[in-house]
Asker: 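Below is one structure. I have some questions about it.
Order of the sequence lines fixes the chain letters, A, B, ..., with proteins taken first and strands second; residue numbering starts at 1 for each chain.
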Protein chains: 2
Amino acid sequence: MNVMNDSPRRKELTRQAAQLFVQEGFDRTTVRMLAEEMGIKSGSLFHHFRDKQEILAAVIEEGTRNALAIAHAALESCDRDPQARLQAMARAHLETLLTDRNAHVVALYEWRRLDDDARAHLGHLRDAYEALWEAVIDEALAAGLIHGDRFLVSRFVMGALNWTVRWYDPEGERSPEELGRELVAMLMAPRG
Amino acid sequence: MNVMNDSPRRKELTRQAAQLFVQEGFDRTTVRMLAEEMGIKSGSLFHHFRDKQEILAAVIEEGTRNALAIAHAALESCDRDPQARLQAMARAHLETLLTDRNAHVVALYEWRRLDDDARAHLGHLRDAYEALWEAVIDEALAAGLIHGDRFLVSRFVMGALNWTVRWYDPEGERSPEELGRELVAMLMAPRG
DNA sequence: GAGCTAACCAAGCAAGCGCTAGTGTGAATG
DNA sequence: CATTCACACTAGCGCTTGCTTGGTTAGCTC
């Protein structure tokens with residue numbers, strides 16, 4: 001019916017939707033609320049998105065793609081040793097909270113509201129992000145930098161990491177850089 | 001209008017509601033679905049609960065009270081040394097997932113759906129539980145068992161811990177006892 | 001056996017929901 | 001100048017929602 005490409009207009013609408021989804025939750029956010037936030041009428045919304053679910057998928061896709069891009073960039077521009085790479089990943093993760101916090105909160109809390117297709121599609125994106133972490137964790141384990149069961153360590157780290165969205169203020173006193181260092185130090189066996 | 005005490009019937013209804021809230025999410029669970037699951041008609045539901053929100057509050061309160069009780073018991077019946085206490089807390093946390101997983105998932109994901117009063121009330125319960133953890137973590141820090149910033153360590157641990165609800169199967173191969181040990185070992189500086 | 005009460009039911013109301021159909025409009029395109 | 005297109009609007013359909021109302025029933029107590 002309508003054009004569903006990713007126009008700049010659609011990107012902006014997605015950003016505003018993310019904000020509302022965080023404030024109210026996906027189910028409680030009505031298309032009328034979304035439209036009002038966007039400065040249009042509720043009917044016009046369906047010119048940009050097929051249905052309400054697609055807005056949710058767009059929000060999560062946007063956030064995850066950015067996180068992936070930032071993580072990739074961080075890994076490419078850091079030292080090769082396992083500790084530097086761990087820190088780079090942690091810093092990258094905290095940095096995305098600066099620009100895409102809303103999207104990440106939505107991804108964390110509203111994932112189950114996605115329909116099967118969107119979940120499958122976005123699942124791959126998410127897996128790619130987690131695979132980056134697991135690779136870096138594997139390197140750190142192999143180097144003896146951290147210790148413990150591979151499966152457990154990665155769940156543990158993922159949990160701690162995802163939880164940051166609940167308490168970390170990227171505009172507060174501690175920089176992503178600094179916090180990433182401390183987070184990694186906590187995991188490591190003390191040197192010397 | 002009706003009696004809102006905590007009758008055994010109400011406890012049972014609360015347990016069933018928790019299951020549905022996990023499956024569908026709070027907002028998507030209609031009073032009609034709840035009633036059907038309970039084997040009554042939707043109108044009858046309001047004999048037991050003032051409104052839908054109160055069911056959510058009941059679910060979370062039940063789960064948190066149990067977690068607190070189990071944690072207290074675990075701390076009272078374990079050795080005094082910091083490592084034993086950390087392990088006891090971790091084991092207790094994983095044990096509650098055996099009996100109250102639904103309630104904990106609901107507490108984690110649907111907390112924001114609570115109205116202000118319920119949130120304040122249940123917030124104190126939750127704080128009490130987290131305070132137990134923080135005390136034990138403080139002891140471990142003071143004893144040099146683990147290292148790092150007090151604030152960060154506790155957030156990190158809380159995150160990893162709350163995340164367990166997403167992957168840990170208490171009826172699987174690893175017992176809560178065993179997993180608690182591994183989780184604590186991961187945090188600790190290696191001995192000897 | 002009258003009175004009370006917890007537990008339930010049938011019926012439905014008012015409000016709100018996602019979404020559609022059909023139309024208007026100003027700018028770009030041929 | 002005619003056509004197309006992106007974008008927005010108005011109006012409302014069909015349905016579901018949380019919750020209320022007014023009444024019934026089975027079991028208990030005095």
Asker: What's the CG-P distance between A/Leu20 and C/dG18, to the nearest Å?
Answerer: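 Going from CG in A/Leu20 over to P in C/dG18 covers 12 Å.
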Asker: Can you measure B/Leu13 atom CG to C/dA6 atom C1' for me and round it to whole angstrom units?
Answerer: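 Spelled out: CG on B/Leu13 to C1' on C/dA6 is 13 Å.
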Asker: Can you tell me the distance, in whole Å, between the CD atom of B/Glu24 and the P atom of D/dG18?
Answerer: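 Between P of D/dG18 and CD of B/Glu24: 12 Å.
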Asker: Could you verify whether a donor N or O on one side chain and an acceptor N or O on the other, from B/Tyr129 and B/His93, lie under 3.5 Å apart?
Answerer: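 There is such a pair between these side chains.
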Asker: Among D/dT10, C/dA7, C/dT20, which nucleotide sits nearest the side chain of A/Phe46?
Answerer: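 So the nucleotide nearest the side chain must be C/dT20.
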Asker: Is A/Arg15 paired with A/Glu12 through a side-chain N to carboxylate O contact shorter than 4.0 Å?
Answerer: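 So A/Glu12 pairs with A/Arg15 through a salt bridge.
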Asker: Between A/Glu54 and A/Arg10, does at least one N-O distance fall below 4.0 Å, as a salt bridge requires?
Answerer: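 The answer is yes: the pair qualifies as a salt bridge.
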Asker: Select one nucleotide: of C/dC8, D/dG18, C/dC19, the one nearest the side-chain heavy atoms of B/Ile40.
Answerer: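 When the side chain of B/Ile40 is considered, C/dC8 is the closest of C/dC8, D/dG18, C/dC19.
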Asker: Distance from B/Arg28 atom CZ to A/Asp27 atom CG, nearest 0.5 Å?
Answerer: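 With rounding to 0.5 Å, CZ (B/Arg28) is 4.5 Å from CG (A/Asp27).
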Asker: Starting at atom CE of A/Met38, determine the distance to atom C1' of D/dC7, rounded to an integer number of angstrom.
Answerer: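 These atoms are roughly 14 Å apart.
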Asker: The side chain of A/Lys41 is closest to which nucleotide in this list: D/dC9, D/dC19, D/dC7?
Answerer: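 Side chain of A/Lys41 sits closest to D/dC9.
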Asker: In whole angstrom, give the distance that lies between atom CZ of A/Arg28 and atom P of C/dG18.
Answerer: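 That distance rounds to 13 Å.
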Asker: State whether B/His47 places a side-chain N or O below 4.0 Å from either non-bridging phosphate oxygen (OP1 or OP2) of C/dA7.
Answerer: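 Checking C/dA7 against B/His47, a side-chain N or O does come within under 4.0 Å of OP1 or OP2.
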Asker: Both A/Ser44 and A/Thr30 contact DNA chain C. Taking the nearest nucleotide for each, which residue is further toward the 5' end?
Answerer: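 The residue whose closest nucleotide sits nearer the 5' end is A/Thr30.
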Asker: Measuring from the side chain of B/Val31 (C-beta onward, heavy atoms only), which nucleotide among D/dC19, C/dA10, C/dA7 has the closest atom?
Answerer: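 Closest of the options to the side chain of B/Val31: D/dC19.
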Asker: Nearest heavy atom decides the nucleotide; on that basis, is A/Asp27 or B/Gly43 closer to the 5' end of DNA chain C?
Answerer: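 Closest to the 5' end, via its nearest nucleotide, is B/Gly43.
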Asker: Just how far, in rounded Å, is P of D/dT10 from CZ of A/Arg32?
Answerer: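 Rounding to the nearest Å, CZ of A/Arg32 and P of D/dT10 are 13 Å apart.
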